[in-house]
Trainee: 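Below is a structure I'd like to ask you about.
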Amino acid sequence: MTDALKQLGSATAYPTDYDPAVLEAFQNKHPGRDYFVKFNCPEFTSLCPITGQPDFATLYISYVPDQRMVESKSLKLYLFSFRNHGAFHEDCVNVIMDDLIALMEPRYIEVWGKFLPRGGLSIDPYCNYGKPGTRWEAVAADRLANHDLHPETVNNR
């Protein structure tokens, strides 16, 4: 599967609109072990679908891989593809999670967006998924119910 990677090591062509086709996966070399992979993405941007104004966020993407893992350059290009895409914050995090589930079929994944304020409000949508029929399904339910028990102090970020 690694031989099929097209983005890594090639000239970078940045997508101009939302494009899940740029996502690429490679084989997990440790499928017999549960472990987390976390991406901190402090430069995420999208557009308000109503006003066209830019929205800025830090995204946190954490997952427990199964057989496949997302290649990081393709993830960067994929997240960049939201730059000119109009979508509400809540939609962005859910679409990102759905696309990564379709690509990797992870055991567990969560996506948390911490958006900068506009109009005096910051919005922090969170979504997660645990593979049905596995212990990760229960982890997802528990994590969703308890994900923000100790919220950070938000001072306009």
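Note that these values count all heavy atoms, side chains included, but never hydrogens, waters or copies made by symmetry.
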Trainee: Just verifying a value: how many Å separate Glu71 CD and Met104 CE, rounded to the nearest 0.5 Å?
Mentor: 12.0 Å
Trainee: Within the structure provided, determine whether Met97 and Ile101 are in side-chain contact (heavy-atom separation under 4.5 Å).
Mentor: yes
Trainee: Distance check, rounded to the nearest 0.5 Å: Tyr18 atom OH versus Leu47 atom CG?
Mentor: 15.0 Å
Trainee: Tell me whether the count of non-hydrogen atoms from other residues, nucleotides or ligands lying under 6.0 Å of CZ in Arg143 goes above 12.
Mentor: yes
Trainee: Which heavy atom in Lys114 sits nearest to a heavy atom in Asp124, and how many Å separate them?
Mentor: CA-OD1, 3.3 Å
Trainee: Would you name the heavy atoms of Pro31 and Lys29 that are closest together and state the gap between them?
Mentor: CD-C, 3.4 Å
Trainee: Take Glu137 and Lys131 through the test salt bridge (charged side-chain N to carboxylate O under 4.0 Å, His left out) and record every step on the way to the result.
Mentor: CA-CA 5 Å; Glu137 185 176 27; Lys131 189 175 275 190; over 6 Å; no
Trainee: Do the non-hydrogen side-chain atoms of Thr58 and Phe44 ever get within less than 4.5 Å of each other?
Mentor: no
Trainee: Keeping Asp66 on the side-chain end and Arg107 on the backbone end, is there a donor-acceptor pair under 3.5 Å?
Mentor: no
Trainee: State, yes or no, whether a side-chain contact exists between Leu23 and Val70 at a heavy-atom distance under 4.5 Å.
Mentor: yes
Trainee: Roughly how far, to the nearest 0.5 Å, is the CG atom of Asp98 from the CD1 atom of Ile109?
Mentor: 9.5 Å
Trainee: Please give the remaining members of the hydrophobic cluster of Leu144, linking ILVMFWY side chains under 4.5 Å, ordered by chain and number.
Mentor: Phe36, Tyr60, Val64, Tyr108, Trp112, Tyr126, Trp136, Val139
Trainee: Is the shortest side-chain heavy-atom distance between Met69 and Tyr63 below 4.5 Å?
Mentor: yes
Trainee: I need the minimum non-hydrogen distance between Ile61 and Cys41, along with the two atoms involved.
Mentor: CD1-SG, 4.3 Å
Trainee: Can you tell me how far apart CG (Leu79) and OG (Ser74) are? Round to the nearest 0.5 Å.
Mentor: 9.5 Å
Trainee: Determine yes or no for a side-chain-to-main-chain donor-acceptor pair under 3.5 angstrom, with Asn146 supplying the side chain and Asp142 the backbone.
Mentor: yes
Trainee: Is any side-chain N of the basic residue among Glu24 and Lys73 closer than 4.0 Å to the acidic one's carboxylate O?
Mentor: no
Trainee: Answer yes if the side chains of Tyr35 and Asn28 hold a donor-acceptor pair under 3.5 Å, and no otherwise.
Mentor: yes
Trainee: Show me, pair by pair, the donor-acceptor contacts under 3.5 angstrom made by side chains of residues 48-57, not counting sequence neighbours?
Mentor:
unit_1	atom_1	unit_2	atom_2	d
Thr51	OG1	Gln53	N	3.1
Gln53	OE1	Arg118	NH1	2.7
Asp55	OD1	Arg118	NE	2.6
Asp55	OD1	Arg118	NH2	2.9
Asp55	OD2	Cys48	N	3.4

Trainee: Where does the angle between the aromatic ring planes of Phe80 and Tyr14 fall among parallel (under 30°), tilted (30 to 60°) and perpendicular (over 60°)?
Mentor: tilted
Trainee: How long is the straight-line distance from CG of Leu59 back to CG of Asn40, given to the nearest 0.5 Å?
Mentor: 10.0 Å
Trainee: Just wondering, do Arg68 and Phe26 contact through their side chains at under 4.5 Å, heavy atoms?
Mentor: no
Trainee: Show which side-chain atoms of residues 84-96 pair as donor or acceptor with protein atoms under 3.5 Å away, not counting sequence neighbours.
Mentor:
unit_1	atom_1	unit_2	atom_2	d
Asn84	ND2	Thr16	O	3.2
Asn94	ND2	Glu90	O	2.9

Trainee: Give a yes or no on whether the backbone of Asp19 and the side-chain of Ser81 come within a donor-acceptor separation of less than 3.5 Å.
Mentor: yes
Trainee: Checking the side chain of Gln27 only, and the main-chain atoms of Gln67 only, is there a donor and an acceptor separated by less than 3.5 Å?
Mentor: yes
